[in-house]
Amino acid sequence: MKPSSPISLTSSAIARKARLSPYLFTLLAFILFVSVLYGEDFMCIFGQLEPNFVLPPSRTPEKNKKSEKLAFAIGKTEESCDVFSGKWVRDEVSRPPYEEWECPYIQPQLTCQEHGRPDKDYQFWRWQPNHCDLPSFNASLMLETLRGKRMMYVGDSLNRGMFVSMICLLHRLIPEDQKSIKTNGSLTVFTAKEYNATIEFYWAPFLLESNSDDAIVHRISDRVVRKGSINKHGRHWKGVNIIIFNTYLWWMTGLKMNILQGSFDDKEKNIVEVSTEDAYRMGMKSMLRWVKNNMDRKKTRVFFTSMSPTHAKGIDWGGEPGQNCYNQTTLIEDPSYWGSDCRKSIMKVIGEVFGRSKTPITLLNITQMSNYRKDAHTSIYKKQWSPLTAEQLENPTSYADCVHWCLPGLQDTWNELLFAKLFYT
């Protein structure tokens, strides 16, 4: 038997390669087509996720300098500028941006000075990004941008605090007879008549329909969320030009969450128990689908505010057992501090869901910067809706509110970050 010649071997190899080449060509052409067709969509999402936003390593993309111009953007920040990574610096010149007494829109749950807080140190901190400066909040620019438009905050009481903060930052430029505020059920609307503009808040702590949807009476321990029900609330959000979502704390009832499959009107309710992470993932996917189906990416902007930390466990920052935010007047200085109340598993869910979506949405990653601010909560310095017992009065830690934030204060900075990401992408 004659050995095969080198030439015949080479020819066979070439023939095999030739047979494969059409498939390779087709595959490469398809990849190129998908990249061209969807490339801008991918980068529009990923270009807005900051480096400290948790994404699976395999889905962390490079920023695309040719990504489409976002609505309302007038400039760009430096390529190396992550406005969410930085430190708090003392500033008694430009802080606070307004006084508590001069903004009549602050709810009594947030007016810490009026309710006896003895210090004002929490008002004098300014956020300084590590590698750039945060653009100064320009109230005139914000109002002119909102002329003839609607801006809406959707979520829980933390987003309501952010909504009130934005009104406080703007209202001084509007004549008294040209502004009003009105609440009707879940919707509160501040109107700047001269600008034909509204800034609104819509109460929907889960974004989806739930048994906690009453804007006043919603303290329900056994919380239930209805699957696939975002349109119940979403019909009130249509036509909004700038929308800011938040949802986190209300999902944190433990390791499990009750999900209703069907309707709250059903006599026999089909309620299933799922992990908090799976329930939250369902909520995130519903929000993104709603945005995709209802928001015009060329004319509107959508933001999502990450989890707001509580400071209910002093041992998290080296304090005594049983200690919380009560009587805290200093910041946490450890740059890597992360409170036990902020579930990293939930941040991972956000990263996974947003990372796989083509829906353009800008993350306001306020979690790390807010983690440092154990001093900024309302604590005991707020209106108490129920009379305090003798036992509570003897132990203020027992009724300190370590969820909400004094105004003026931290949430003004959240809106300054919103301003920066709205105008400078």
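Since we're looking at a predicted model, the values are computed, not measured.
Crowding of Lys269 atom NZ: a count of heavy atoms from other residues, nucleotides or ligands under 6.0 Å exceeding 12.
Taking the six-membered ring wherever Trp is involved, the centroid distance between the rings of His377 and His404 does not fall below 6.0 Å. Between Tyr372 and Trp88, the distance from one ring center to the other does not fall under 6.0 angstrom.
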Next on the checklist: Set out, in order, the CA-CA distance, both residues' side-chain angles and the distance that settles side-chain hydrogen bond (donor to acceptor under 3.5 Å, both in side chains) for Gln128 and Asp133, then state yes or no.
Outcome noted: CA-CA 6 Å; Gln128 177 61 56; Asp133 292 323; 3.0 Å; yes
Item to check | From CA spacing to verdict: salt bridge (charged side-chain N to carboxylate O under 4.0 Å, His left out), Arg90, Asp121 | outcome: CA-CA 9 Å; Arg90 183 83 176 177; Asp121 288 349; 3.4 Å; yes
Checklist entry - Yes or no on side-chain contact (heavy atoms from CB on, under 4.5 Å) for Phe72 and Lys149, after CA distance, side-chain angles and deciding distance? => result CA-CA 12 Å; Phe72 306 110; Lys149 296 180 177 62; 3.7 Å; yes
Next on the checklist: Could you walk me through whether Tyr153 and Arg160 satisfy the side-chain contact (heavy atoms from CB on, under 4.5 Å) test, starting with their C-alpha distance in whole Å, then the side-chain angles of each, then the deciding distance to 0.1 Å, before giving a yes or no?
Outcome noted: CA-CA 7 Å; Tyr153 295 81; Arg160 180 166 53 206; over 6 Å; no
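Using a 3.5 Å distance cut-off with no hydrogens or angles, the side chains of Trp290 and Ser286 do not pair a donor with an acceptor. Residues Tyr202 and His233 have side chains that bring a donor and an acceptor to within less than 3.5 angstrom of each other. Side chains of Ser306 and Thr367: a donor-acceptor N/O pair is present below 3.5 angstrom, by distance only. A donor atom on one side chain and an acceptor atom on the other are found under 3.5 Å apart for Asp316 and Ser340. Looking only at atom types and distance, the side chain of Ser165 has no donor-acceptor partner in the side chain of Trp405 under 3.5 Å away. In this structure, a donor-acceptor pair under 3.5 Å is absent between the side chains of Asp119 and Thr329. The closest side-chain donor-acceptor pair between Ser370 and Trp414 falls under 3.5 angstrom. Side-chain polar atoms of Asp82 and Asn130 form no donor-acceptor pair below 3.5 angstrom. Looking at Tyr326 and Asn395, their side chains never bring a donor and an acceptor atom within 3.5 Å of each other.
Ion pairing of Glu333 with Arg373 is absent here, as no side-chain N (NZ or NE/NH1/NH2) approaches a carboxylate O to less than 4.0 Å. Remark: Asp341 does not engage Lys313 in a salt bridge, criterion side-chain N to carboxylate O under 4.0 Å.
Contact check for Pro104 versus His171: side-chain heavy atoms found under the 4.5 Å cut-off.
Once rounded to the nearest 0.5 Å, the distance linking CG of Leu169 with CZ of Phe137 reads 4.5 Å.
In this structure, the salt bridge (Lys or Arg N to Asp or Glu O under 4.0 Å) partners of Glu176, at least two apart in sequence or on a different chain, are Lys179.
Using a distance-only test at 3.5 Å, with no hydrogens or angles considered, a donor-acceptor pair links the side chain of His115 to the main chain of Thr111. Between the side chain of Asp91 and the backbone N or O of Ser94, at least one donor-acceptor pair lies under 3.5 Å. Without hydrogens or angle criteria, Trp127 side chain to Val83 main chain gives a donor-acceptor distance under 3.5 Å.
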Residues 182-198, side-chain donor-acceptor partners within the protein, below 3.5 Å, at least two apart:
residue : atom : partner : partner atom : Å
Thr183  : OG1  : Thr188  : OG1          : 2.9
Thr198  : OG1  : Glu200  : OE2          : 2.7

